[in-house]
K.L.:
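I'd like to ask you about the structure that follows.
Labels below follow one simple rule: chain letters A, B, ... track the order of the sequence lines, proteins then strands, and each chain is numbered from 1.
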Amino acid sequence: MDLKAQLKAAVERAAADLGAPVDAAIQDTPASKPGDYGTPAAFQMAKALGQNPAQVAAQLAQTVQLPAGIARVEAAGPFLNFFVDVGAFVRGVVETPFALPARPDKIIVEHTSVNPNKELHVGHLRNVVLGDSMARIFRAAGSRVEVQNYIDDTGRQAAEALFAVSHYGRVWDGVQKYDHWLGEGYVRLNADPQKPALEEGISAVMHRLEAGELRSEIEKVVRAHLETCFRLGARYDLLNWESDVVGSGFLSQAMNILEGSRYTSRPQEGKYAGAFVMDVSEFMPGLEEPNVVLVRSGGTAMYAAKDIGYQFWKFGLFEGMKFKPFTQDPEGNTVWTSAPDGEPDLGRRFGHADEVINVIDSRQDHPQTVVRSALGVAGQPEKKERSVHLSYAFVTLEGQTISGRRGIAVSADDAMDEAERRALAVLSQINPDLAARGDAPEIARRIGIGAIRFAMLKSEPTRIVDFRWEQALALQGDTAPYVQYAAVRAANILRKAGEAGHAVDGSGADWAALPDVDLVLAKQVARLPEVVAQSVRIHSPHVVAQYALDLATAFNAWYNARDRSGKPATNVLQSPGGLREARLALVGRVRRAFEETLDLIGIEVPAAM
RNA sequence: GCACUCGUAGCUCAGUUGGAUAGAGCGGCCCCCUCCUAAGGGGCAGGCCACUGGUUCGAAUCCAGUCGAGUGCACCA
C-alpha cells in the first residue's frame, strides 16, 4: 500500500522536472474539498520558479505521473488534489493486513514502579495504562520490547508500612487484599501524633529492608499489586528490586564511568568540598546551580546516583544482576524478577536496550533530566538521545490532590469494581436479554476496564486528569464503549451475513460498484499505520485513542448514511449482489481495524453490547 | 528568583513535519428506530485559538516579549 509515499515521490519527481525540487507534503484533503489526497507543493515551487502558485499547480497536474490506484489529478487553485480509484483503493485496504516491518531495536519500557506500602490508587492507574499502551504500540511498530517494573523495597514508605504492622500489633485475616490491609496501617501511622517518637523503630525496619531480611513481606505486596495491574491488562517481563540494583554494585560501576569524565570533580574547597559532583550545565542549560551532588562528602550516595546506575544498566553499560522466575501473567508467560539467589544473565536476556522509556510523573522532570544528562557526561550522546522520560501530569480526584499518606484516594481496585458495576447496570437497563446471558459479567468487565483505560489516555500526557466518576466511567461520547459499540455493530453485520450465506471474504465482490461513502470509511482504515508511527515518534498513546474515536465516528456515519430521499444508503445485507460482497469485505476489515487499534491501547471488544 | 509544562466553544479536550472555511464530546434547543443494535445518527446555538510584536506566499502551530495557571528547584528518599 503506502499510496501517500508513492504520491510524494511522484510529486517530487514532477517538481524536479519543472526545475523546483521540493519536499512535498501529502495530506488528506479537508472534507469539503475535492479529491482524496492533496499537496500544497506548488506554494514552495512558485517562489523558486517566479510564478504564481496556481499556475505551477496547473503545470504539475499536467506532468505528474499518477501511481496505480490514483484515477486522476486536478489543480484546485494552488493546491494539487488527487482522486483515488474507489474500487481499487477499497480493495487494497481490505486485502492489506496491518503489519509494520520489524525494527532491529530493543526498547525498555519501565512503568508502574509503585511503592510497596499500600494499594494502587487511581493516580497510579494513569502510569500503568500509559506504560502498558506504549509497550503495546512499540511492539506493533516492530520493536522488541521489554517491560520492567521497579520495586522500591528499601524505601521509607515500605519501612513505615511494615513498622505499622508490628507497632499496632495488626494481624492480616488472609481475606482482605493484602496491599489494602498493609496500607491501612501506613495511613494510621501517618495520622498518629506519636509518630515523631517512633523514628528509631522505623529506621530499624529500614535497615532490615536494606539487609534483605523482609523481602518475603514485600513480595506479598508486590503480588497484590500485580493482581491489580493484570486485571487492568498490563503485562511485565521483569521486576527489578532496588536492593538488587544496590547489591549488584551498579552504583560504583556507574561512578567509575563518570569518574573519567571532564564534567565530574571532587572539589577540595567551597560548598561541595569532599563530595563527588557532576556539572550538567552543558546538558541542562539555564540552571542556577549547574552542579549535582552524586556522592556526599561523607561517602554515601545520593538517590540520583542510584537512578543513574540503574539507567546505565538498562542501556547495557555493565551487568551483574541475577534473575529468576517470579510468577506467571494471566496468559501463562513468566514474569522474571531480579534476585540475590538468581542466575547470572549469561544470554543477555535483560537490559541492553537501544531506547529506554521511563514512565514517570512530571514532578520528576528535573531528576529525570539529570539521569539523562549523566549519559551525556558518560560520553554516550546517542544513548542520551534515546533516554526518554514519558512525563505525565498527575491525577486529581474530583479536583482534590490525591494523597496516599493521608488516605485521600480512590483505590484502583475500587475504581475497576465500580466501572464494571456501572457497565453491567447500563447493560441490564438497555439490553435486558443480553444482561441475562452467562457472559454478561465478561462483557461488563471489558466495557468497564476499557472505559477506565481510555479515560486515562485519550488526552495528551501533559494534561492534568481530574478523575470524576461520571466522566471516567461514562459510557457515551468520547469513550471506549463508544468505540466498542461500533466494533460490535460491525461484528453483527458479519454474523448476519454469515447466517444468510453471503461471502464475507471478498469473493464475488464488485469493487467498482462502491460509491464514495464507502471510500471515506476505507480511507480512515488506511490511516492506522501512520498513526502508530506518529505515536512512536512522539512517545504518546493518545493519538491512537483519538484515532479509535475517528474510526468509530467514520463507521457510525457510514452505517447511518442516508440518500437524498432519506433512505438508508449503505445497508449491507440489502445491497445488490457484488456490492454486498464488497461491503462485507470492507466491514470485515473495519472490524479487524477496531481490534487492532484497541489492542494497541489494551482494550478488548465485547462479544455483544 | 530560576527552570519546565500549559493557555483553543459554558465545561473537558483534539488539531499530523506551518497549508484550503479551526473540529469532537459533555451541557442546551430541535429532529430520526415499518432501515444490519438509538451505548447510535442528523441539525441549531456557542470561537479576537490568552495578549502584543516578529518570521513566512501562508501561523492555533515557529520565534521574542507580556499576562495568567500548574509543577519542580536539598551533601532528603
K.L.:
I need the residues from residues 473-491 of chain A with at least one non-hydrogen atom less than 4.0 Å from RNA chain B; give them sorted by number, or say none.
P.N.:
A/L475, A/Q476, A/G477, A/D478, A/Y482, A/Y485, A/V488, A/R489
K.L.:
Work out how far the C1' atom of B/C31 is from that of B/G70, and round it to whole angstrom.
P.N.:
43 Å
K.L.:
Looking at A/R583, does any N or O in its side chain come under 4.0 Å of the phosphate oxygens OP1/OP2 on B/C36?
P.N.:
no
K.L.:
On a whole-Å scale, what distance lies between the C1' atoms belonging to B/U12 and B/G72?
P.N.:
26 Å
K.L.:
Given 3.5 Å as the limit, does a donor-acceptor pair link the side chain of A/T39 with the main chain of A/L80, or not?
P.N.:
no
K.L.:
Rounded to whole angstrom units, what separation is found between the CG atom of A/D279 and the P atom of B/C75?
P.N.:
15 Å
K.L.:
In whole angstrom, what separates A/D550's CG from B/C13's P?
P.N.:
18 Å
K.L.:
Does B/C36 have OP1 or OP2 under 4.0 Å away from a side-chain N or O of A/N571?
P.N.:
no
K.L.:
Is the shortest heavy-atom distance from the side chain of A/V73 to the side chain of A/N81 under 4.5 Å?
P.N.:
no
K.L.:
Quick check on B/A77: is either OP1 or OP2 less than 4.0 Å from any side-chain nitrogen or oxygen of A/R363?
P.N.:
no
K.L.:
Got a sec? Which of residues 536-545 of chain A come in under 4.0 Å of RNA chain B, heavy atoms?
P.N.:
A/R537, A/H542
K.L.:
In whole Å, what separates the P atom of B/A20 from that of B/A24?
P.N.:
16 Å
K.L.:
On a plain distance test, is the side chain of A/N81 in donor-acceptor contact with the base of B/A20 below 3.5 Å?
P.N.:
yes
K.L.:
With rounding to the closest Å, how many angstrom separate the C1' atoms on B/A69 and B/G46?
P.N.:
24 Å
K.L.:
Treating A/E581 as the side-chain partner and A/G578 as the backbone partner, does any N or O pair qualify as donor plus acceptor under 3.5 Å?
P.N.:
yes
K.L.:
For nucleotides 54-64 of chain B, list the nitrogen or oxygen atoms of the protein found under 3.5 Å from its nitrogen or oxygen atoms, one pair per line.
P.N.:
| unit_1 | atom_1 | unit_2 | atom_2 | d |
| --- | --- | --- | --- | --- |
| B/C57 | OP1 | A/K47 | NZ | 2.7 |

K.L.:
Before accepting this row, confirm whether a basic side-chain N of the pair A/R156/A/E210 lies closer than 4.0 Å to the acidic partner's carboxylate O.
P.N.:
no
K.L.:
Closest-nucleotide mapping onto RNA chain B: is A/A423 or A/A25 further toward the 5' terminus? I mean the 5' end.
P.N.:
A/A25
K.L.:
Produce the list of close N/O pairs, under 3.5 Å, pairing protein atoms with atoms of nucleotides 42-44 of chain B; give distances to one decimal.
P.N.:
none

K.L.:
Between B/A39, B/U16, B/A20, spot the one nearest the side chain of A/F79, thanks.
P.N.:
B/A20
K.L.:
Please determine whether a side-chain nitrogen of the Lys or Arg among A/E442 and A/R437 lies less than 4.0 Å from a carboxylate oxygen of the Asp or Glu.
P.N.:
no
K.L.:
For A/R266, is there an ion pair with A/E259 - N to carboxylate O distance below 4.0 angstrom?
P.N.:
yes
K.L.:
Over 60° means perpendicular and under 30° means parallel, so tell me whether A/F467 and A/W469 are parallel, tilted or perpendicular.
P.N.:
perpendicular
K.L.:
C1' atom, B/A38 versus B/U16: distance in rounded Å?
P.N.:
33 Å
K.L.:
Give a yes or no answer on whether the side chain of A/T264 reaches the backbone of A/M278 with a donor-acceptor pair at less than 3.5 Å.
P.N.:
no
K.L.:
Are the charged groups of A/D439 and A/R445 less than 4.0 angstrom apart, N to O?
P.N.:
no
K.L.:
Between A/Q484 (side chain) and A/E604 (backbone), is there a donor-acceptor pair under 3.5 Å?
P.N.:
yes
K.L.:
Do A/K523 and A/D28 come within less than 4.5 Å of each other through their side chains, counting heavy atoms only?
P.N.:
no
K.L.:
Closest nucleotide of RNA chain B for A/K458 versus for A/Q364: which of these residues is on the 5' side?
P.N.:
A/K458
K.L.:
Check whether any side-chain N or O of A/D153 sits under 3.5 Å from a backbone N or O of A/S243 as a donor-acceptor pair, and report yes or no.
P.N.:
yes
K.L.:
Are A/K8 and A/D23 close enough, and set up right, to give a salt bridge (charged side-chain N to carboxylate O under 4.0 Å, His left out), and what steps lead you there?
P.N.:
CA-CA 8 Å; A/K8 179 177 164 71; A/D23 178 16; 2.4 Å; yes
K.L.:
Is any side-chain heavy atom of A/Y186 less than 4.5 Å from a side-chain heavy atom of A/R405?
P.N.:
yes
K.L.:
Syn or anti for B/C33, please, going by whether the chi angle lies within 90° of 0.
P.N.:
syn
K.L.:
Give A/T396 one of three labels, base, sugar-phosphate or nothing, depending on what nucleic acid heavy atoms sit under 4.0 Å from its own.
P.N.:
nothing
K.L.:
Answer with base, sugar-phosphate or nothing: what part of the nucleic acid does A/M302 contact at a heavy-atom distance below 4.0 Å?
P.N.:
sugar-phosphate
K.L.:
Can you list the residues that meet the salt bridge (Lys or Arg N to Asp or Glu O under 4.0 Å) rule with A/D466, with sequence neighbours excluded?
P.N.:
A/R468
K.L.:
One character per nucleotide, please: for nucleotides 2-8 of chain B, 5' to 3', B when the base has a protein heavy atom closer than 4.0 Å, S when only the sugar-phosphate does, - otherwise.
P.N.:
SSSSSSB
K.L.:
Any ion pair linking A/D478 and A/K458 (charged N to carboxylate O, less than 4.0 Å)?
P.N.:
no
K.L.:
Does the ring centre of A/F83 sit less than 6.0 Å away from the ring centre of A/Y37?
P.N.:
no
K.L.:
What distance, rounded to whole Å, do you find between the two C1' atoms, one in B/G15 and one in B/G7?
P.N.:
15 Å
K.L.:
Taking atom C1' in both B/C48 and B/A9, what distance in whole Å separates the two?
P.N.:
13 Å
K.L.:
Please state the C1' separation for the pair B/A22 and B/A59 - nearest whole angstrom.
P.N.:
12 Å
K.L.:
Flag the pair A/Y482 / A/F454 as yes when their ring centroid distance falls below 6.0 Å, and as no otherwise.
P.N.:
no
